[in-house]
Structures are given as structure tokens and as C-alpha cells.
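Step one of this worksheet: look at the structure below.
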Amino acid sequence: MGADLSAATFGNTDKTVYVQLTPAPKTATITYNKATGLSTAGSTAQDNAVSASPTSLTGVTNDKYPANTIQVPAGMTATIKDAAGNTLDTDTSKATHLVKNSDGSYTIVGAFSLTSAGALAVPSYTVTYTANAVKMIQQYPDETRSNAGTAYGSYSAASVVQKSGYVSFVDGTKANQTPAGTFGATDKTYTITYEAVPATAGEVANEPTVTAALAAVNAATTETDYKAALAAYNTAVSAAQTAHDNAETAAKAVDSSGFSTVTAVSAAQTNLNNVLAQAAAGQATTQQVIDATTALQTAISDAQAALDAAKAQAKTDIQANIDDINTQITQIQADIDAIQALADRNPGDTTIAGLLADAQQRLVNAQSQLTQAEAALAAVDSAATIADVTNLSDGADQNQAAADSARTIADQDLAAAQAQDALNLKNAKDEATATAETTTTANQAAIQQIE
């Protein structure tokens, strides 16, 4: 820092020597102690931080340290110490301190200086990186559980709390534990959710549609797929149960309808019973149950339509029978009135009296047939089968035939009474003529005697 002046020679005047002092250059070294046991990502982040940070500070005595930035990797802490082992902090009242920058890095603030003995002080610093404490978090719907760890370190698999009647999902994937893994710079959080297990399908559990839907639920690995499959399963169970219930209702309708003996209904019912048995054994689908039920309902509907048509026709036919019987009754009554007049004109004639009594009985018979036909008409609506309707209609035909027969006999009675009346009249005339002739003969004989 200067020159030796001992060899200088004076002249005859003073010798002036100018001495220029310049600050001595100085370098402060920065050493980095890296954290160990880090993941590849952590080691890379740490290496990048060291590469981007200064390894020395260069200046001169009594001058301030140059601008510098000690990078700190995310998820890590940097401890900076001087050569004496003192840890630097952000206390600005200290000659040497740290400034924490907005990005988490540090700047060492200080100056180069001489020691108290006048010797040059050569400072040095050590930066030691350590991984921050982090947690592996299981976030449940109603609680939080965690396991301690360090940034860029590893963590083990952990069991998930199971709930009866539910399936657990970890971050949307079906699982009963959170997986082992490696931390990043921050906490690792797994979200735990639950979905209900499929409800039992009861009596339709073996139907292929239901078993296929259940298999899809069990095969789903993501929560999205599971929820969609579960909804499809519930729909399948509901559809199968509805189909089964409708089938039972249709079967009961056969008994209440009275159509069990109708060939088409009987065949459809037998088929439905077979399909239900097959469905219970897993051999028939819900759609097959629906189709068999529809076929039975159609058969019943057709049978009912046929019965209704038969009833309508029977009512028309029986009413015609009743109208005819009423006509016959009117005619029989007319016959009776006519015979009664003849009986009144022929008092004491037992033949006409007998014919009158017979005609009156024919009226009673015809009225009885009318009563039966009217009863048949009233019974049509409650008839359970076409055979019952046919019986009623046939009975009314027989009632009409009997009334027609009664009218025919009454007509015959009238004709016989009229014949008897004519005979009586003739006999009366003949008797009157004979009496008159006898009287005339007697009178003539008397006159002759007088003469």
C-alpha cells in the first residue's frame, strides 16, 4: 500500500513526498449448506436458488456491501450466519442485518471494515437451507385430520375413516386410504367424500336389468361415474319394482274381472306368471315383465270389450223380446174380453166358460214370461261372462216363445168360443122354429074341432 522512502536523497531544500492512500479491495465469501433428503423437485428448487444467489460480495474497506439477493426456495427457510456464528436477522439497528424482500429472498446489508488492530477484516457468511414443516391433510366433510411432514419430503399412505352404508372417495376416486406420496412446497390436502352404497333391490334383485346396473355401480372408480351409475341403478330398481307391482295388479284383475276362463286371458296370465318366475331367477328382463303385463292387460281389456258388446246386444234383443211379449199380452187380453162377451151372452154355457178360464190362464202365463224377461234384462249389467249374457238372452227368447204360444192358444180359445156361440145361436133358432111349428099344428087342430 505504499513505497519505502528510506533511500531518498535530500537536496538543498526540503523534499516533499506525496502519499496517496487507496482502500484495499475486499471479498466476503458466501457458503451454502443444502438441505438433504429432498425430492427431485425440492433438490432442483434448492439448486436453482443457490445458482441464482451470490457466492461472494466484493468491495473495499469501509464501503458498503454491493447489492445482493440470497434466494430462498419455496417451502424452505434460509438461516444466514456470519463467520462468528451469529445469525443475521432483520433488526436494522445492527450494522450487519438482513432485508427480507417481497419474493421471500434476503439481502445482506453491511460494510467492509478494519479490525481493532488495524488489520483487514475478511468477513464470510453461511447460508443454511432447511425444509419447512408441512402436513398431509385429510379433509373430511365434518372434520380435518393431518400427519406432519417436511416440504419435499415423503409421506405414507393413511387409512380413510369408513362410514357404514357409504363408499369413500379420495379426490373423486374410490379408495379407502390416501396414497403415499411426496410433498411439494406446501401442505398436501386430500378431500374425502362419501356416496351411499346401493340400496337392496328386494324381490327384483335378480332381474338382469338390475344386476347389470348394480355391476356398473361396483365397477365405477370415479365419484362422477359412481353417482351416475347409482342413479341408473336406482332407476332400474324402481322400474323393475313398478313392473312387478303392475304385474301383480294385472294378475289380481283377472280374478276380479271373472275372465280367468277366457282362453286369451288365461294364456296371457300363464305367460306372465312364467316371466315373473324367470325374472326372479335372473332370466327375464324388466321389459319382458312389462311386455307380458301389457299382454295380459290387453287380453282383459279385449275380454271386457267383448263382454260389453255382448251385453249391449243382449239388452237390445231382450228388449225386443219384452216388446213382443207385451204385444202378445195385449192380444190375449183382447181375446179374453171377446170371450167374456160371448160368455155373458151364453150364461150357463160351460164350454165357453171353460174357454174363458183357459184364456185367462194364458194371460197369467204370458205375464209370468214378461216378468222373467224383464228380470233377465235387469240382470244383464251384472253378468260376469259372455256365457252368462247368452243364457239371459236365450232365456228371454224362450220367454217370448212361451208368450207367443200363450197368445196362440188364447186365439184358439176365442175361435172355439165363437164357434160355440154360433152353435148355441143355431140351436136356439132351431128350437124356436120347432116350437112355432108345434104351436101352429095344435092351433089348426083346435080350429078344426071348433068347426
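- Across A406 and A366, no two heavy atoms sit closer than the pair CB-CB, 4.3 Å.
- Under the side chain to side chain contact (heavy atoms under 4.5 Å, CB included) criterion, T249 pairs with no residue, sequence neighbours left out.
- Counting only distance, with no hydrogens or angles, the side chain of D82 and the backbone of G85 share a donor-acceptor pair below 3.5 Å.
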Task: Criterion side chain to side chain donor-acceptor pair (under 3.5 Å) on N274 and Q278, from CA distance to verdict - done: CA-CA 6 Å; N274 291 337; Q278 292 168 357; over 6 Å; no

Task: T77 and N132: CA distance, side-chain angles, deciding distance, side chain to side chain donor-acceptor pair (under 3.5 Å) verdict - done: CA-CA 6 Å; T77 298; N132 293 339; 2.5 Å; yes

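- Considering only residues two or more places apart in sequence or on other chains, R145 meets the side chain to side chain contact (heavy atoms under 4.5 Å, CB included) condition with Q138, Y140, E143, V161.
- Of the possible donor and acceptor atoms, one in the side chain of S382 sits under 3.5 Å from a partner among the backbone N and O of A379.
- Put simply, the side chain of S43 gets close to the backbone of S39: a donor and an acceptor are under 3.5 Å apart.
- Checking T385, N391, T390 one by one against D388, the side chain to side chain donor-acceptor pair (under 3.5 Å) holds for a single residue, T385.
- At distances below 3.5 Å, not a single donor-acceptor pair connects side-chain atoms of K81 with backbone N or O atoms of T126.
- Applying the ring-ring contact (aromatic ring centres under 6.0 Å, His included) criterion to F169, with sequence neighbours excluded, gives Y226.
- Nearest heavy-atom pair, L307 versus A383, reported as atom, atom and distance to 0.1 Å: CD2-O, 4.0 Å.
- Residues forming a side chain to side chain contact (heavy atoms under 4.5 Å, CB included) with L423 (at least two apart in sequence, or on another chain): Q420, N427.
- Here the CG-OG1 distance, from N33 to T130, works out to 11.0 Å after rounding to the nearest 0.5 Å.
- Looking only at distances, a side-chain donor or acceptor of D171 sits under 3.5 Å from a matching main-chain atom of T191.
- T211 places no side-chain N or O within 3.5 Å of a backbone atom of N206 that could act as its donor or acceptor partner.
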Task: Worked check of side-chain contact (heavy atoms from CB on, under 4.5 Å) between Y190 and V160 - done: CA-CA 10 Å; Y190 290 102; V160 170; over 6 Å; no

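- Remark: the backbone N or O of T294 is paired with a side-chain donor or acceptor of T298 at under 3.5 angstrom.
- Judged by distance alone, the side chain of N246 and the main-chain N or O of T242 form a donor-acceptor pair under 3.5 Å.
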- [ ] I would like to know whether K315 and D381 meet side-chain contact (heavy atoms from CB on, under 4.5 Å); could you show each step before the answer?
- [x] CA-CA 9 Å; K315 287 180 179 180; D381 285 334; 2.5 Å; yes

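- A donor-acceptor pair under 3.5 Å links the side-chain atoms of D413 to the main chain of A359, judged by distance alone.
- Here CG of N424 is found 11.0 Å from CD of E431. Values are rounded to the nearest 0.5 Å.
- In this structure a side-chain-to-backbone donor-acceptor pair under 3.5 Å is present from Q288 to T285.
- Listed by chain and number, the residues in a side chain to side chain donor-acceptor pair (under 3.5 Å) with K174 amount to none (sequence neighbours excluded).
- Across every non-hydrogen atom of A243 and V289, the tightest pair is O-CG1, 3.8 Å.
- Within 6.0 Å of NZ on K100 lie no more than 12 heavy atoms contributed by other residues, nucleotides or ligands.
- With sequence neighbours left out, D91 forms a side chain to side chain contact (heavy atoms under 4.5 Å, CB included) with D89, S93, K94.
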Identify all side-chain donor-acceptor contacts of residues 44-52 below 3.5 Å with residues at least two apart in sequence or on another chain.
residue	atom	partner	partner atom	Å
T44	OG1	T40	O	2.9
Q46	OE1	A35	N	2.7
Q46	NE2	A35	O	3.1
D47	OD1	K34	NZ	2.6
N48	ND2	T44	O	3.2
S51	OG	D47	O	2.9

- [ ] Test side chain to side chain donor-acceptor pair (under 3.5 Å) on T189 and Q139 and set out the steps.
- [x] CA-CA 7 Å; T189 300; Q139 184 60 60; over 6 Å; no

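- Applying the side chain to side chain donor-acceptor pair (under 3.5 Å) rule to Q71 yields no partners; only residues at least two apart in sequence or on another chain are considered.
- Nearest heavy-atom pair across A236 and V210 is O-CG2, 4.0 Å.
- The side chain to side chain donor-acceptor pair (under 3.5 Å) search around D187 returns none, not counting sequence neighbours.
- Considering only residues two or more places apart in sequence or on other chains, T55 meets the side chain to side chain donor-acceptor pair (under 3.5 Å) condition with none of them.
- Checked against salt bridge (Lys or Arg N to Asp or Glu O under 4.0 Å), K429 has no partners two or more places apart in sequence or in another chain.
- Partners of Y106 according to the ring-ring contact (aromatic ring centres under 6.0 Å, His included) rule, which considers only residues two or more places apart in sequence or in another chain, do not exist here.
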